[in-house]
Structure formats: structure tokens, C-alpha cells
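The residues of the chain are indexed from 1 along the displayed sequence.
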Amino acid sequence: MNLKINKWINSIHRIFNPRLTKSQQRRFDMAERTINYPLPLYSSFLRDELKQEDFITYPSYAEYDNLKDKIARYNGVNRDNVFLSTGSGACIKAVLEVTMNPGYNVVSPSPSYPMYGIYGKIFGGDHIEVPYPEFDEDCGYSDQIDPQIYCLKNLLKAVNNKTRLVIISNPFSPIGDYKTIDELRKVCKVLKKKNIIFLIDEAYVDFCPETVLPLIHEYDNVIISRTFSKAFGAAGIRVGYLLGNNKLIKTITKVQLTYPLSSVSVKFASFLLDNKDVVKHYVEDTIKDRDLLCDYLESKNYDVIRSHTNSIHFHEKVGDNSQTIKKLTEVGLAFKSGNMKTGTPVKIPGDVRGTWIRLSVGPNIHKIIRSIIK
């Protein structure tokens, strides 16, 4: 075919795999809410909030503004500091749309959320991946310094005069480590001097010690992305948002879809913000069970990568994880592992084993796994 399309599009590879299950207490592959909402809460939303007009008519910008106001209050900012779109992925894509062109590049750690690079390439840019340091089981990290600091230093070393955007996730996905606001403030200062936008993806922020949100008030080049898919547990409504200074948000809004969210999505996101205690309790229970599960797996002779997200990685100290994978599969759990066809490769920086298991966690996960791995 000789159609007139951008030739660089041929280098982009996308993976779309079907899921094994969506059942609660079985869906541990997508970092979603692992249990359903309390039935009285969900029923009240269906009964009291939804109208035929939500399905028949276009969304109202007044509804968008109402949701922005609630998001703003939740985060202690103003409405004009908020950008809405179809999940945090679309928000991130919008930032790349206003920064990328052929000849420019985006810099991010590796491994990381693969769409950082894919979105950059979609708009003709290049993707510079900065690998985590190599790890040796006997000697530790080869440079003998904190791997998180190492990654940030190398991130800045990778920046050049063609760099338009630097992206990191914090907590870092998929490994789950966490960088403090003081550590990231140093990166902000350097990138500010170079007039480079710094996007911090806080998809998992509710599961870590603190947000770095104050940075958007200190630096006008900093943007933070958030989602309703993780702690809020509403991956299906596809709602995400950006937080940043009003001028930057206004610029990004120029590439926003005409109606980025459905009326149903707006109403459910707003409903969750009105019922924050449900989200709070879910997060607390998830963190507790995450740590209990890590303790248990370590006691059963597994290597465990502890996390500040709602997922963990683990591997048999002796073996290729095949026995563990078999046990989890036999009871119908959905999870990710290095020897299964998943959308995102399961890798641990510096570890030669390619069969790690990545398991999303939630309330009672340690009891479920204890009943399977004995």
C-alpha cells in the first residue's frame, strides 16, 4: 500500500489482549479495584443519579466544571488548575501532543508505562529510555548508591537540546518505588532552567506516603497526572485529570476533545468524590493486605519486590515460578507473569529471571494467596 500516511507510524507496535476474567477477587492483573463497591452505595447511584438524558444528550460543560470544582477542592487547587480527559493515559497523550514533533524527544525511565514512548512516537517524536541500574545479588547496585537517586541523575543526563518533555511515574510503575518531593524538586530546578515540561504521573499516589502536588505551585513547568482507575476503583468510567499552573493547563486544553467524558462518567466520578470515605477505607485495607502478603510470601521462600502501588512482584527463590503460576491459574486468578502473553512485559531491572509474577492487590488478598500457596 502506498497510502499517504506518516511513515514513522509503522514503527509503533500496539498489543491488545483479551482478559481472562472480570470477576471480583479474581481480577488481579490490571491494578484495578479487586472487589466491587458496597451494593447499597452502587444501587443508590443507579437509582438517584442516572437519567435518560445522560444517555441521550451530549454532556454539558457545566457538568465538566462541576467535576473540576470537586477535583480542585479534593486537591486544594482551583478549577483552572484542572484538565479533564478520558483516563490519565489520554491526559498524558495531550501533553505529548503539545510538546512533540519530529526531531524532538521525550525522556522517561525504563521499564515504565509503555504509552509514554508510544504517544511520543505517535506525534513524530523520539523516546529516550533511561534504564534502572543493574543489580547484582552479591554486590548490590554496581554504583553503590541509592538506585532511585541514580535513576534521577541519569534521567537528567539523558536530557539534550531536543528534549521537550520528561516523564516519570511516582510511585514508579511497575516496580513501585517512591521518590520524595525533595528528590524530585532537584529535577524540577534543572528542567525549569531548560524550559522543559516535567510530567509526574501519580496514578498510584494514594498507596504511597505522600503526593508531590506542592511542586505545581513552585514550578510552572510541572504537571501531575491522576486517575480514577486505581484507588477510586473506577477504571471503567475512563476519567483522568492533570494538575498544573493555569497557563499550562489552558495551553493543554486547546487539544482537548470536544466532549472528552460521557455524562455517566462525569456523574460517577463526582459521586465517588462525594463518598470519599469508601475510597479511603479501600486504600487503607489494600495497603494493610499488601504488606501482609509480602510478609507471607517472604516467609514462604519467595523473592518479593515491595511496592508503594497496589501491585507487587514475586518469584520463587529456587525455581522458574512455573509451579506457582500453575496454582494461581488452576483457581482462576487473573494476573501477569513473564511467561504469559500480557500487554506489558513483567521485568525487574537487573534481574535475569524473566518469569516474575505481577499481582494486583486489594482487601483480603493475603488470605486468598495463603489458601493457594501453602
Trainee: Just wondering, do N221 and L248 contact through their side chains at under 4.5 Å, heavy atoms?
Mentor: no

Trainee: With no hydrogens and no angle check, do the side chains of E202 and S225 hold a donor and an acceptor under 3.5 Å apart?
Mentor: no

Trainee: Any side-chain heavy-atom pair from F228 and I71 closer than 4.5 angstrom?
Mentor: yes

Trainee: Give a yes or no on this: more than 12 heavy atoms of other residues, nucleotides or ligands lie within 6.0 Å of atom NZ of K186.
Mentor: no

Trainee: What pair of heavy atoms forms the shortest contact from E129 to P131, and how long is it?
Mentor: O-CD, 3.5 Å

Trainee: Could you grab the distance from atom NZ of K194 to atom CZ of R164, nearest 0.5 Å is fine?
Mentor: 14.5 Å

Trainee: Using the benzene-type ring in the case of Trp, are the ring centres of Y302 and F314 under 6.0 Å apart?
Mentor: yes

Trainee: Is there a side-chain contact between L242 and V82 (heavy atoms, below 4.5 Å)?
Mentor: no

Trainee: Cation-pi between K179 and F172: NZ/CZ under 6.0 Å from ring centre and within 45° of the ring axis?
Mentor: yes

Trainee: Measure the CG-NZ distance between N81 and K250 for me, rounded to the nearest 0.5 Å.
Mentor: 13.5 Å

Trainee: Closest heavy-atom contact between G332 and R26?
Mentor: O-CD, 3.4 Å

Trainee: Would you say L292 and I287 are hydrophobically clustered, going by side-chain heavy atoms of ILVMFWY under 4.5 Å?
Mentor: no

Trainee: Which one of N245, I249, T251 satisfies the side-chain contact (heavy atoms from CB on, under 4.5 Å) criterion with K247?
Mentor: N245

Trainee: Quick one: do K189 and E218 make a salt bridge, cutoff under 4.0 Å?
Mentor: no

Trainee: Kindly state each residue pair satisfying ring pair (Phe, Tyr, Trp, His ring centres under 6.0 Å) with at least one member in residues 188-220, sequence neighbours excluded.
Mentor: none

Trainee: Looking at side-chain heavy atoms only, is the closest gap between L272 and V278 below 4.5 Å?
Mentor: no

Trainee: Counting C-beta onward and ignoring hydrogens, is there a side-chain heavy-atom pair between I365 and T34 closer than 4.5 Å?
Mentor: no

Trainee: Please determine whether side chain to side chain contact (heavy atoms under 4.5 Å, CB included) holds for the pair I252 and V95, giving the CA-CA distance in whole Å, both sets of side-chain angles, and the decisive distance to 0.1 Å.
Mentor: CA-CA 6 Å; I252 298 169; V95 179; 3.9 Å; yes

Trainee: Using the rule side-chain contact (heavy atoms from CB on, under 4.5 Å), only one of I175, V166, I167, I168 pairs with P109; which is it?
Mentor: I168

Trainee: Under the criterion side-chain hydrogen bond (donor to acceptor under 3.5 Å, both in side chains), which of D126, T99, N160 is the partner of N105?
Mentor: N160

Trainee: Is I216 reachable from L84 through a run of I, L, V, M, F, W or Y residues, each pair having side-chain heavy atoms under 4.5 Å apart?
Mentor: yes

Trainee: Assess whether salt bridge (charged side-chain N to carboxylate O under 4.0 Å, His left out) is satisfied between D206 and K230, documenting all intermediate values.
Mentor: CA-CA 9 Å; D206 300 273; K230 308 305 180 187; over 6 Å; no

Trainee: Evaluate the criterion salt bridge (charged side-chain N to carboxylate O under 4.0 Å, His left out) for residue pair K68 and D80; output intermediate values, then yes/no.
Mentor: CA-CA 8 Å; K68 284 184 180 181; D80 58 5; over 6 Å; no

Trainee: Distance to the ring centre below 6.0 angstrom and angle to the axis at most 45 degrees; does that hold for R226 and Y241?
Mentor: no

Trainee: Start with the C-alpha distance between N170 and V205, add both sets of side-chain angles, then the distance that settles side chain to side chain contact (heavy atoms under 4.5 Å, CB included), and finish with yes or no.
Mentor: CA-CA 7 Å; N170 193 48; V205 67; over 6 Å; no

Trainee: Is the side chain of D289 donor-acceptor paired with the backbone N or O of T286 at a distance under 3.5 Å, no angle test?
Mentor: no

Trainee: Is it possible for you to check whether R33 lies under 6.0 Å from the centre of the six-membered ring of F232, through NZ or CZ, and within 45° of that ring's axis?
Mentor: no

Trainee: Counting distance only, does the side-chain N/O of N310 pair as donor-acceptor with the main-chain N or O of A31 below 3.5 Å?
Mentor: yes

Trainee: Working to the nearest 0.5 Å, report the span between CD1 of I118 and NZ of K93.
Mentor: 11.0 Å

Trainee: Evaluate the criterion ring pair (Phe, Tyr, Trp, His ring centres under 6.0 Å) for residue pair F28 and F335; output intermediate values, then yes/no.
Mentor: CA-CA 5 Å; F28 303 119; F335 59 97; 9.2 Å; no

Trainee: Quick check on the hydrophobic clustering: are L67 and F55 connected, directly or via other members, by side-chain heavy-atom contacts under 4.5 Å?
Mentor: yes

Trainee: For the aromatic rings, using the six-membered ring if either is Trp, is the centroid distance between F45 and Y42 under 6.0 Å?
Mentor: no

Trainee: Does the pair S270 and N66 meet the rule for a side chain to side chain contact (heavy atoms under 4.5 Å, CB included), with working shown?
Mentor: CA-CA 8 Å; S270 180; N66 178 61; 3.9 Å; yes

Trainee: With a 4.5 Å heavy-atom cut-off, do Y64 and V266 have their side chains touching?
Mentor: yes

Trainee: Is K192 salt-bridged to D220, going by a charged N under 4.0 Å from an acidic O?
Mentor: yes

Trainee: So does K300 pair up with D295, basic N to acidic O under 4.0 Å?
Mentor: no

Trainee: Would you kindly say whether S307 and T309 are connected by a side-chain donor-acceptor distance under 3.5 Å?
Mentor: yes

Trainee: Ignoring hydrogens and angles, tell me if any N or O in the side chain of K367 forms a donor-acceptor pair with the backbone of N364 under 3.5 Å.
Mentor: no

Trainee: Hey, are the side chains of R370 and Y296 touching, using non-hydrogen atoms and a 4.5 Å cut-off?
Mentor: yes

Trainee: I'd like to know if K317 pairs up with D303 as an ion pair, taking the criterion as any Lys NZ or Arg NE/NH1/NH2 lying under 4.0 Å from an Asp or Glu carboxylate oxygen.
Mentor: yes

Trainee: Mark yes when over 12 heavy atoms from residues, nucleotides or ligands other than F123 sit less than 6.0 Å from its CZ; otherwise mark no.
Mentor: yes

Trainee: Ignoring hydrogens and angles, tell me if any N or O in the side chain of S262 forms a donor-acceptor pair with the backbone of S265 under 3.5 Å.
Mentor: yes

Trainee: Using a 3.5 Å distance criterion without hydrogens, assess whether the side chain of S85 forms a donor-acceptor pair with backbone atoms of P260.
Mentor: no

Trainee: Between the main-chain N or O of L213 and the side-chain N or O of T211, is there a donor-acceptor pair closer than 3.5 Å?
Mentor: yes

Trainee: Decide yes or no for P214 and I181: does some side-chain heavy atom of the first lie under 4.5 Å from some side-chain heavy atom of the second?
Mentor: yes

Trainee: State yes or no: do V304 and V352 share one hydrophobic cluster built from I, L, V, M, F, W and Y residues joined by side-chain heavy-atom distances below 4.5 Å, directly or via other members?
Mentor: no

Trainee: Is any NZ, NE, NH1 or NH2 atom of the basic residue among D277 and K280 found under 4.0 Å from an Asp or Glu carboxylate oxygen of the other?
Mentor: no

Trainee: So does D65 pair up with R79, basic N to acidic O under 4.0 Å?
Mentor: yes

Trainee: Are a donor atom and an acceptor atom from the side chains of T180 and R185 found within less than 3.5 Å of each other?
Mentor: no

Trainee: How many angstroms lie between CZ in R290 and OG in S360, if you round to the nearest 0.5 Å?
Mentor: 12.5 Å

Trainee: Answer yes if the side chains of T324 and E316 hold a donor-acceptor pair under 3.5 Å, and no otherwise.
Mentor: yes

Trainee: Checking N75 side chain against V77 main chain: does a donor-acceptor pair fall under 3.5 Å?
Mentor: no

Trainee: How many angstroms lie between CG in L46 and CG in L41, if you round to the nearest 0.5 Å?
Mentor: 10.0 Å

Trainee: May I ask you to decide whether D320 forms a salt bridge with R353, counting only side-chain N to carboxylate O separations under 4.0 Å?
Mentor: no

Trainee: Verify the neighbour count for atom CD of E210: are there more than 12 heavy atoms of other residues, nucleotides or ligands below 6.0 Å?
Mentor: yes

Trainee: At what distance, to the nearest 0.5 angstrom, does CD1 of I237 lie from CZ of F271?
Mentor: 11.5 Å

Trainee: Give the cluster check for Y74 versus Y282: same hydrophobic cluster or not, with ILVMFWY residues linked at side-chain heavy-atom distances below 4.5 Å.
Mentor: no

